[in-house]
Amino acid sequence: MSAEQNSTQEKVRTRFAPSPTGYLHVGGARTALYNYLFAKHHGGEFILRIEDTDLERSTEESMRMQIEDLKWLGIVWDEGPDPETFADVGPYGPYRQSRRKEIYLEHAQRLIAEGKAYYDFRTDEELERLREERIAAGQSAQIGPPERIVPVEEALERIAKGEKAAIRFRVSEVRDYVLHDLVRGEVRFPSDMVGDFVCIRSNGMPVYNFCCVIDDALMKITHVFRAEEHLSNTLRQMMLYEAFGYKMPKFGHLSFILGPDRQKLSKRHGATSCHDFKMKGYLPEALNNFILLSGWSSPTGEEIISREDQIKHFTHERFNPSPAMFDTQKLDWMNSVYLRSLPHDELWRRIEPFLERAGLDLPMAKDPAWRDQALTVFKVKMTTLADAEKLFLPLSDAKFGIADEAAEVFGWPEAKKVWEAWKAELEALSSERITEEEFAGIEDRVKKATGAKGKQLFMPIRVAVIGQPHGAELKILVPLLTRSSLLKRVAACLARVN
RNA sequence: GUCCCCAUCGUCUAGUGGCCUAGGACACCACCCUUUCACGGUGGAUACAGGGGUUCAAAUCCCCUUGGGGACGCCA
């Protein structure tokens, strides 16, 4: 759809409608992203609606957590709960289904009045038995109408006396329904694919499929991108749109995100919520970019895509209908790319909470020049922010120690000589900080004094600096430490050989 | 069981009948850079699930098989 065409049509309005039962799952995050991007691409509006009709599982706390995750990802909505106060913002509220009960009940009454729905007094046990019978008979497990539909007046009397009844939609016509899906093309559903379905539970709460239709219609939603599991729900919803005479939005059913075992990504695969990834030190930009590309591709073929370009290029033609496996290796790569491209001030700001978490003391970090120097060295080694914890560890005096991998060096005959010469050079220094040039001079003099060269020279020095045989270049590391700190460290090495 | 969806390198994908001896990215391997480890650079290996059609021509269209997933809730 071109921009010109669109301007003459109704305004594009999309929505994300999570049920607040825990943190935001990456699959949900992707759905939210796609709806957001689609709306913005078409200059439209993106709405957040909370689907909390399941009283048992929905919590206020979960809603807040999900809003937090959405904010973290940089997905912003035009209507819905205010991100700070949670108060409804927008002309079509309330945006929480638990507060729209009257609207649903009113609609249900409309269907009853028109004979399109009926009160059902059957119990769970009865229905379960019916289902089993049908499966045993090789039929689909759909629930049909009861033997006798209770007339409205009689039903009302029984309910007044305290009996419980659900309101069920009556599937009367037998015909095919054709859905023009934005990602799958034409999908044909035979109407007998579903039985008479519940609209209002016997406890008075409406059910998902029912609310969803009414809300999307009343909130003037034009396009809905949602997970594939809803594909077969769509038939019920089509029937409902027809029954109410509401205009149906365009649907696009997204394939699943799978775990390494090709099963739908779930808790047992480890990290699956945005919150998990946040705690593991992934950047929202990276996670966002990664989920964007599992199920959609850019027309330019680029993989690292700015939010601006995401919006610019986001069209439904580029959805991939087949399921995508969640590839942590690629996410890691993407995270490191974003990490390295961050300005150092910003990178430091994001690393700090992790250093704090690890209890690292780094008094030198108050100096911006020091931070800049340190990040230049370390950021190329980081895949997640959490990696800073172990990277900055050698710079912390409190946490300094000699690693097991350094043991070999202690067996070298030159090591002790090198350390003694290194220590003498440090002691001769007048300032606390050592520049790269000074270090080069020191190293050279140690070489001459001891006769050690190559690995025999720099390995012992390295161990005396960071306590381990591998790490960043010494000429960069040494200027990050103070003279007194280096003296303490070489003393530790000498103490161990003696 | 019934119905629905899906099928290109290990993974994410490009591909909408000829530009495909199938392109890119991650991962992997080799080499280069490097007084370590990374970063970076260059190169390499690796895929159209199978079988039938349609067509001058099929990864691309149709059918079947197989495999994977989903729905059949008073969950969403």
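Labels below follow one simple rule: chain letters A, B, ... track the order of the sequence lines, proteins then strands, and each chain is numbered from 1.
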With the threshold set at 4.0 Å, does a side-chain nitrogen-carboxylate oxygen contact exist between [X] and [Y]?
| X | Y | answer |
| --- | --- | --- |
| E186(A) | R188(A) | yes |
| R350(A) | E346(A) | yes |
| R131(A) | E128(A) | yes |
| D216(A) | R49(A) | yes |
| R96(A) | E51(A) | no |
| E285(A) | R307(A) | no |

In whole angstroms, how far is the [atom2] atom of [N] from the [atom1] atom of [X]?
| X | N | atom1 | atom2 | result |
| --- | --- | --- | --- | --- |
| Q237(A) | rC75(B) | CD | C1' | 14 Å |
| E125(A) | rC74(B) | CD | P | 13 Å |
| E132(A) | rG73(B) | CD | P | 12 Å |
| I200(A) | rG73(B) | CD1 | P | 18 Å |
| E408(A) | rU36(B) | CD | P | 16 Å |

Distance-only donor-acceptor test, S202(A) side-chain atoms vs rC74(B) base atoms, 3.5 Å:
yes
Base, backbone or nothing for each nucleotide of nucleotides 5-14 of chain B, written B, S, -, heavy atoms under 4.0 angstrom, 5' to 3'?
BSS---BBSS
Any R201(A) side-chain N or O less than 4.0 Å from OP1/OP2 of rG73(B)
no
Qualifying residue, where the test is side-chain hydrogen bond (donor to acceptor under 3.5 Å, both in side chains) with H253(A) and the options are R184(A), E229(A), H230(A), R226(A)
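Single pass found, and it is R226(A).
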So which of F319(A), F314(A), Y34(A), W296(A) actually passes ring pair (Phe, Tyr, Trp, His ring centres under 6.0 Å) with F225(A)?
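When F319(A), F314(A), Y34(A), W296(A) are each tested with F225(A), the ring pair (Phe, Tyr, Trp, His ring centres under 6.0 Å) holds only for F319(A).
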Would you mind telling me which residue lines up with the more 5' stretch of RNA chain B, S232(A) or L55(A), judged by nearest nucleotide?
S232(A)
Checking understanding here: a glycosidic angle within 90° of 0 is syn, the rest anti, so what is rC39(B)?
syn
Selected nucleotide, minimal atom distance to [X] side chain, candidates [options]:
| X | options | result |
| --- | --- | --- |
| R462(A) | rU36(B), rC75(B), rG73(B) | rU36(B) |
| N209(A) | rC39(B), rC74(B), rA76(B) | rA76(B) |
| F458(A) | rC74(B), rU35(B), rC72(B) | rU35(B) |

[N] pairs with which nucleotide, Watson-Crick or G-U wobble, both distances below 3.5 Å?
| N | answer |
| --- | --- |
| rC20(B) | none |
| rA59(B) | none |
| rC26(B) | rG10(B) |
| rG1(B) | rC72(B) |

Give one of base, sugar-phosphate or nothing for E443(A), where a contact means two heavy atoms less than 4.0 Å apart.
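Contact class for E443(A): base.
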Quick one: does H275(A)'s side chain get under 4.5 Å of L24(A)'s, heavy atoms only?
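A side-chain contact under 4.5 Å is absent here.
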Does NZ or CZ of R340(A) come closer than 6.0 Å to the centre of the six-membered ring of Y338(A), within 45° of the ring's axis?
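Geometry flag: not set, cation outside 6.0 Å or 45°.
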Residues from residues 264-272 of chain A sitting under 4.0 Å of RNA chain B, heavy atoms only?
none
